[in-house]
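Take a look at the structure set out below.
Note that this is a predicted model, so its numbers are computed, not measured. Letters A, B, ... are given to chains in the order of the sequence lines, protein chains preceding strands, and every chain is numbered from 1. Note: hydrogens, waters and symmetry copies are ignored here, and every other heavy atom, side chains too, is used.
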2 protein chains.
Amino acid sequence: MGRGKVELKRIENQTSRQVTFSKRKNGILKKAYELSLLCDAEVAMIIFSSSGKVYQFATDDDLVFHFNGCRMDRIIARYRNEVGLLHSNHKRFRTLESWKSEIEELQKSIDIMEARLRHFCGEDISTMGIKELKQLERQLRVGVDRIRSKKVSNLYTTAA
Amino acid sequence: MGRGKVELKRIENQTSRQVTFSKRKNGILKKAYELSLLCDAEVAMIIFSSSGKVYQFATDDDLVFHFNGCRMDRIIARYRNEVGLLHSNHKRFRTLESWKSEIEELQKSIDIMEARLRHFCGEDISTMGIKELKQLERQLRVGVDRIRSKKVSNLYTTAA
DNA sequence: CACTCTATATATAAACC
DNA sequence: TGGTTTATATATAGAGT
């Protein structure tokens with residue numbers, strides 16, 4: 001919308017990315033407000049800019065100062081209920097450091113797995129060398145083969 | 001937008017409220033996707049229709065992790081860290097609950113990613129149906145193709 | 001950055017299937 | 001619910017301040 005058409009990909013120029021973010025953020029927050037008001041829907045939205053700032057909207061948060069997130073927690077709670085995520089808890093006594101380090105550990109594993117998943121999808125492979133690429137391809141082939149044979153056996157099972 | 005101008009208040013006619021909801025929901029989900037993609041932002045959105053159905057968007061959910069809300073929990077966790085706690089009485093000290101819930105959310109993401117990684121390797125696929133298997137195979141093929149072309153271009157680069 | 005100004009691109013209301 | 005069409009309302013890209 002506007003003078004030029006935009007490609008649907010990350011805007012490389014940092015300045016215009018920032019400007020576009022600011023404009024579109026306002027636009028979408030307004031849309032969220034309108035949707036909730038017009039259609040009597042419960043809407044929650046959380047936005048982190050690439051620089052790390054957070055913006056939010058939640059239904060029935062005060063319109064003028066809608067940065068307090070009063071209802072956010074309730075909507076999130078409702079979401080968890082619907083989607084079915086149950087939390088059990090134990091481990092009462094721990095130090096701050098132990099919590100932090102566990103979180104760091106988990107985050108690290110997540111980063112590694114994300115990279116691996118991307119590689120499996122053929123993304124972010126520009127940094128990989130020939131050797132790694134070959135290994136990855138081999139692994140993908142193994143996956144394809146296993147799936148093929150699984151499909152075949154499924155067909156037989158289904159047909160019977 | 002459209003033939004008539006709309007008042008900013010709850011649409012009383014139930015049918016048109018429903019129709020408007022459906023259209024605007026699609027619109028805003030698209031906007032959320034564009035915002036995250038164009039501006040490299042992390043975006044999470046939860047929408048409950050007045051009839052109680054839930055719809056959602058979370059950055060990257062539809063890419064590698066096209067599973068319902070794999071990233072949602074992590075965005076919520078990040079939100080809770082950076083904002084949610086500012087509005088409670090404990091501004092500076094995180095509660096035990098907040099540590100635990102963040103860890104649980106990270107752990108959950110890890111579980112999902114582990115399962116997905118195994119599938120990519122053709123493991124643990126005995127529970128998958130034909131449809132899922134086909135989809136997985138397609139994704140693996142995309143990966144293989146991308147790697148092939150990358151290998152080819154690498155050879156040229158290396159040769160030069 | 002926040003805001004202004006326009007030309008254009010999009011979203012969508014209304015009506016009908 | 002989903003699509004289609006069309007006229008109109010909005011959003012916003014690009015450029016400037």
Side-chain angles (χ1 to χ4, degrees), chain A residues 1-59 61-68 78-79 82-83, chain B residues 1-59 61-62 66 68-69 82-83 86 131 135:
Chain A
M1 317 154 159
R3 294 298 177 91
K5 197 169 176 175
V6 274
E7 262 193 285
L8 256 77
K9 68 186 209 66
R10 189 188 128 107
I11 297 168
E12 290 307 331
N13 181 291
Q14 183 172 354
T15 306
S16 64
R17 173 151 39 94
Q18 168 56 43
V19 171
T20 295
F21 174 77
S22 182
K23 287 179 176 180
R24 280 179 175 253
K25 168 183 61 72
N26 291 335
I28 201 171
L29 288 173
K30 184 183 171 195
K31 289 267 182 202
Y33 166 68
E34 290 178 354
L35 180 66
S36 67
L37 181 59
L38 291 171
C39 306
D40 197 26
E42 209 160 3
V43 180
M45 179 156 36
I46 301 168
I47 303 171
F48 285 97
S49 72
S50 57
S51 62
K53 269 196 222 169
V54 62
Y55 305 86
Q56 56 157 288
F57 171 82
T59 304
D61 269 0
D62 184 75
L63 176 62
V64 181
F65 308 99
H66 57 38
F67 293 117
N68 41 17
R78 188 179 172 193
Y79 166 77
E82 296 280 331
V83 179
Chain B
M1 318 154 158
R3 294 297 178 94
K5 196 170 178 175
V6 276
E7 263 192 284
L8 257 79
K9 67 187 209 65
R10 188 188 128 107
I11 297 169
E12 290 306 330
N13 181 290
Q14 183 174 350
T15 306
S16 65
R17 172 152 39 92
Q18 170 55 45
V19 171
T20 296
F21 173 78
S22 182
K23 287 179 175 178
R24 280 179 176 253
K25 167 184 61 74
N26 290 334
I28 201 171
L29 288 174
K30 184 183 170 194
K31 289 267 181 201
Y33 167 68
E34 291 178 355
L35 180 66
S36 68
L37 182 59
L38 291 171
C39 306
D40 198 25
E42 206 159 6
V43 178
M45 179 155 35
I46 301 168
I47 303 171
F48 286 98
S49 72
S50 55
S51 62
K53 268 196 222 170
V54 62
Y55 305 86
Q56 55 159 285
F57 171 82
T59 304
D61 258 3
D62 50 355
H66 52 28
N68 278 348
E82 301 203 17
V83 179
L86 294 178
K131 200 171 170 181
Q135 189 177 15

Euclidean distance, atom [atom1] of residue [X] to atom [atom2] of [N] [Å, nearest integer]:
| X | N | atom1 | atom2 | answer |
| --- | --- | --- | --- | --- |
| B:Phe21 | D:dT1 | CZ | P | 7 Å |
| B:Lys25 | C:dA11 | NZ | C1' | 15 Å |
| A:Leu29 | D:dT12 | CG | C1' | 15 Å |
| B:Leu38 | D:dG14 | CG | P | 11 Å |
| B:Glu7 | C:dA14 | CD | P | 11 Å |
| B:Leu35 | C:dA11 | CG | P | 13 Å |

Once you round to the nearest 0.5 Å, how far does [atom1] of [X] lie from [atom2] of [Y]?
| X | Y | atom1 | atom2 | value |
| --- | --- | --- | --- | --- |
| B:Ser51 | B:Gln14 | OG | CD | 9.0 Å |
| A:Tyr33 | B:Leu8 | OH | CG | 5.5 Å |
| B:Met45 | B:Leu35 | CE | CG | 9.0 Å |

**Request:** Record whether the side chain of B:Lys23 comes under 3.5 Å of the base of D:dG2 through a donor-acceptor pair of N or O atoms.
**Result:**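 By the distance-only test, no, there is no pair.
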**Side-chain donor or acceptor of A:Ser36 paired with backbone N/O of A:Ala41 under 3.5 Å** =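 Between the backbone of A:Ala41 and the side chain of A:Ser36 there is no qualifying donor-acceptor contact (under 3.5 Å).
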Look for any protein N or O under 3.5 Å of an N or O in nucleotides 7-11 of chain D and output each such pair with its distance, or none.
residue, atom, partner, partner atom, Å
D:dA7, O4', B:Arg3, NE, 2.6
D:dA7, O4', B:Arg3, NH2, 3.2
D:dT8, O4', B:Gly2, O, 3.4
D:dT8, O2, B:Gly2, N, 3.0
D:dA9, O4', B:Gly2, N, 3.2
D:dA9, O3', B:Met1, N, 3.4
D:dA11, OP1, A:Lys30, NZ, 3.2
D:dA11, OP2, A:Lys30, NZ, 2.7
D:dA11, O3', B:Lys31, NZ, 3.4

**Prompt:** Contact class for A:Ser16 vs. all strands (heavy atom < 4.0 Å): base, sugar-phosphate, or nothing?
**Reply:**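 Counting heavy atoms under 4.0 Å across all strands, no contact is made by A:Ser16.
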Side-chain donor/acceptor pairs under 3.5 Å, residues 15-24 of chain A, sequence neighbours excluded:
residue, atom, partner, partner atom, Å
A:Ser16, OG, A:Asn13, O, 3.3
A:Arg17, NE, A:Ile11, O, 2.7
A:Thr20, OG1, A:Ser16, O, 2.9
A:Arg24, NH1, B:Glu34, OE1, 2.8

**Prompt:** Is any side-chain N or O of B:Thr20 closer than 4.0 Å to OP1 or OP2 of C:dT12?
**Reply:**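 B:Thr20 to C:dT12 OP1/OP2: no side-chain N or O under 4.0 Å.
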**Message:** Pair B:Ile28, A:Ile28 - check side-chain contact (heavy atoms from CB on, under 4.5 Å), show working.
**Reply:** CA-CA 7 Å; B:Ile28 201 171; A:Ile28 201 171; 3.8 Å; yes
